[in-house]
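Have a look at the structure that comes next, please.
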Amino acid sequence: MNDLRLLARYLDISVRSQLEYRASFLMLSAGYLLITVIEFLSVWVLFDRFGNLQGWSLPEIAFFYGIINIAFALGESAARGFDLFSPVIKSGDFDRLLLRPRSTALQVAGQELTLRRVGRLLQGACVLGWSASALGLQWSPGQWLLLGWTLLGGTCLFYGLMVLQGTVCFWTTESLEFMNAFTNGGVFAAQYPFSIYRDWFRRFFTFGVPLACVSYYPALALQGRPDPLGTPALLHWLAPLVGLLFLALCLQVWHWGVRHYRSSGS
Amino acid sequence: MKAYAAILSAQFRTLLQYRGAALAGLFTQVFFGLVIVMVYEGFYRSTTTTPPLSLAQVVTYTWLGQAMLGLIPWNVDPEIRNLIRSGGVAYELLRPLDLYRLWFTRCLARRSAPTLLRALPMLALAYAFLGMQLPPSWTCLLLWLAANMGALFLSAAFTALLSTSLLWTISGEGINYLVICMIILGSGLQIPLPFYPDWLLPVLNLLPFRGLFDVPSRLYLGHIPPSQALPVLAHQFLWTLALIGFGRWVLARGLRRLEVQGG
């Protein structure tokens, strides 16, 4: 519990320091918001041209889009410290972290809570809200709970991916662009229902990087729609748990990476 | 001219050093391309209307996009940004060279070297395994190459203009975001321009952004037939001239009120 309080304190400091530069913060958030709006516009353009995507309508797609973007925005802002980890290795600053009587993961996690991703968060929430009202969904308490559960799973999953990205730096020193394929690329893929993809691709994002478990499956349950692929409804409710397990696994990999750490000596 | 050639080649060699980054980039591009292709396959399987491009054309267009990403003016030249922030512009002014031409050359190198490094392996992979098609005729291929040269100069003119605007804004992030949005919308990188609603097309056709990617790619596909190549290439060329002229003007204005911070 003490650890969590320390983390909260770290993040509180980070947030306050960002709010010192209020104009810069507002401009960056607005710019980022604009880009995500344009992204969604292009989905709209395709639907305007094609009508539907294998029986899915634009509001139904918007539902997936909203969920995955909210989860990504939350996970990415919270795990910013792991995103910025490569200079810590390069400069040898990680040695200092090792000297402190706290876990390294906690200290890296506490580096920064980025606020500028608030643009993506807002836009995701707006798109999700629009989708829910366009589909005429009735929200029972159970469904609110499932929504929160889904977003928690999704946030944990993206957090885990960031932890992995940081862990790779123990070996490569530089942070590598290929993790982008799973984070940004994963978000892009999960904006559309996984039923439209080829089998190997869907399997990879169910069992490898379990993005489908925190977006596609629970979103089906939230929409009250049966899976065109025929998976049972109970699975849709349980699926977000995989996101939490994924994060736990990634933290294990992190600890293993720390044991293999060799200082750059600078 | 010799001096500019030397700058071009030095920048080129520096940027060609990062092979590891290029490999990681290639992986990401293949991944993104595959997702985009699968989404289009989904749309084409269920559509009842006749889309403006065939599926094979869209697939080829997508891989061209992944290959030519480096040509797009996503950001200001980081070196020029540092020069402006640190006051190094003063040294630049001491050189016996035309400043705009110097910066333009830098931007030219910044856009061309990574593109060459990334485009060739991406195109080779896409032909071999990912369903990309060859252009329908030699004329189309030549027009594509010509239009890419044009796109390179247009892109450098954009980068130079954005970079000079830093003389006012220092951080430049605000304008950068706006331009990125316009590029995403208007260049065809996100979606081929013919897919846009018909009422929006005249506007997009007028703007300079399509010269960066959509024009070369549709010339490659023969979607813009070779007989109509001249007007679109002229459009690209005129916009390049206009942006160079504007960039020169902005730079001249900026230098007149330039105050170099000591240090």
Side-chain angles (χ1 to χ4, degrees), chain A residues 21 23-24 26-56 61 116 119 168 172-198 200-202 204-205, chain B residues 18 20-53 58 118 169-186 188-201 204:
Chain A
Y21 300 92
S24 160
L26 284 177
M27 207 172 68
L28 286 177
S29 316
Y32 199 70
L33 175 72
L34 201 63
I35 290 182
T36 52
V37 168
I38 300 256
E39 260 176 33
F40 187 67
L41 223 74
S42 61
V43 180
W44 172 80
V45 166
L46 284 177
F47 272 90
D48 184 56
R49 186 56 76 177
F50 287 97
N52 73 87
L53 174 60
Q54 299 199 282
W56 301 85
I61 301 289
R116 66 172 78 163
V168 172
T172 60
T173 311
E174 276 300 334
S175 123
L176 287 181
E177 202 194 335
F178 76 87
M179 284 303 285
N180 268 342
F182 305 127
T183 50
N184 290 308
V187 172
F188 182 75
Q191 286 170 6
Y192 297 95
F194 274 91
S195 62
I196 68 165
Y197 295 121
R198 290 177 206 159
W200 64 267
F201 190 81
R202 192 169 47 236
F204 175 75
F205 275 112
Chain B
Y18 299 97
L23 210 63
L26 185 66
F27 175 77
T28 310
Q29 282 158 10
V30 169
F31 182 91
F32 262 92
L34 275 175
V35 179
I36 298 171
V37 165
M38 282 190 272
V39 169
Y40 276 117
E41 281 174 352
F43 272 116
Y44 274 80
R45 240 176 279 146
S46 59
T47 188
T48 47
T49 56
T50 323
L53 274 78
V58 173
R118 290 192 169 200
T169 58
I170 309 291
S171 95
E173 272 155 335
I175 298 186
N176 227 346
Y177 273 124
L178 265 182
V179 173
I180 289 175
C181 286
M182 288 312 297
I183 288 172
I184 294 175
L185 264 180
L189 261 185
Q190 192 105 359
I191 292 179
L193 288 200
F195 283 110
Y196 279 94
D198 298 326
W199 52 266
L200 197 59
L201 276 178
L204 293 177

Next item on the list: For each of Ala30(A), Gly31(A), Gly55(A), Ala189(A), tally heavy-atom pairs with chain B at distances under 4.5 Å, and name the one with the top tally.
Entry: Gly31(A)
Check: Which value, rounded to the nearest 0.5 Å, describes the distance between Ile38(A) atom CD1 and Phe40(A) atom CZ?
Finding: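 Answer rounded to 0.5 Å: 13.0 Å.
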Next item on the list: Using non-hydrogen atoms and a 4.5 Å limit, figure out which bit of Pro192(B) sits close to chain A: side chain, backbone, both or neither.
Entry: neither
Checklist line | Where Arg202(A) and Ser195(A) come nearest, the two heavy atoms and their spacing | finding: NH1-O, 3.6 Å
Next item on the list: Go through the atoms of Pro51(B) and report whether side chain, backbone, both or neither lie under 4.5 Å from a heavy atom of chain A.
Entry: side chain
Notebook entry, point to check: Between atom OG of Ser42(A) and atom CG of Leu46(A), what is the distance when rounded to the nearest 0.5 Å?
Noted result: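 So the OG of Ser42(A) and the CG of Leu46(A) are separated by 6.5 Å.
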Notebook entry, point to check: If you count heavy-atom pairs under 4.5 Å with chain A, which of Ile184(B), Val39(B), Thr48(B) comes out on top?
Noted result: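 If we count pairs closer than 4.5 Å to chain A, Val39(B) comes out on top.
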Next item on the list: Mind telling me whether Phe194(A) and Phe201(A) have parallel, tilted or perpendicular rings, with 30° and 60° as the class edges?
Entry: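 Ring orientation, 0 to 90° scale: parallel.
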Item checked: Residue part contacting chain B, namely of Phe204(A), when any heavy atom lies under 4.5 Å ->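 No part of it gets close to chain B.
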Item checked: Option that, when pairs with chain B are counted at under 4.5 Å, heavy atom only, ranks first among Tyr192(A), Trp56(A), Phe182(A) ->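 Option with the greatest count: Tyr192(A).
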Checklist line | chain B contact via Asp48(A) - which portion, at a heavy-atom distance below 4.5 Å | finding: side chain
Item checked: Heavy-atom closest contact (Pro52(B) atom, Arg49(A) atom, distance) ->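 Scanning both residues completely, I find the closest heavy atoms to be CD-CD, 4.0 Å.
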Check: chain B heavy atoms under 4.5 Å from Leu34(A): which part of the residue, side chain, backbone, both or neither?
Finding: both
Next item on the list: Determine the minimum heavy-atom distance between Gly119(A) and Leu33(A), stating which atoms define it.
Entry: O-CD1, 3.2 Å
Notebook entry, point to check: Given the options Ile196(A), Asn52(A), Val37(A), which has more heavy-atom pairs under 4.5 Å with chain B than any of the others?
Noted result: Asn52(A)
Item checked: Structural part of Tyr197(A) lying under 4.5 Å from a heavy atom of chain B -> both
Checklist line | Criterion ring-ring contact (aromatic ring centres under 6.0 Å, His included) against Phe195(B), the qualifying member of Phe50(A), Phe47(A), Trp44(A) | finding: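 Going through the options one by one, the only one that passes is Phe50(A).
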Check: For Leu200(B), is it the side chain, the backbone, both or neither that has a heavy atom under 4.5 Å from a heavy atom of chain A?
Finding: neither
Notebook entry, point to check: For the candidates Tyr196(B), Phe43(B), Phe27(B), Phe32(B), which exhibits the highest count of non-hydrogen atom pairs separated by less than 4.5 Å from chain A?
Noted result: Phe43(B)
Checklist line | Closest approach of Met38(B) to Arg198(A) (non-hydrogen atoms, all atoms of both residues) | finding: SD-N, 3.5 Å
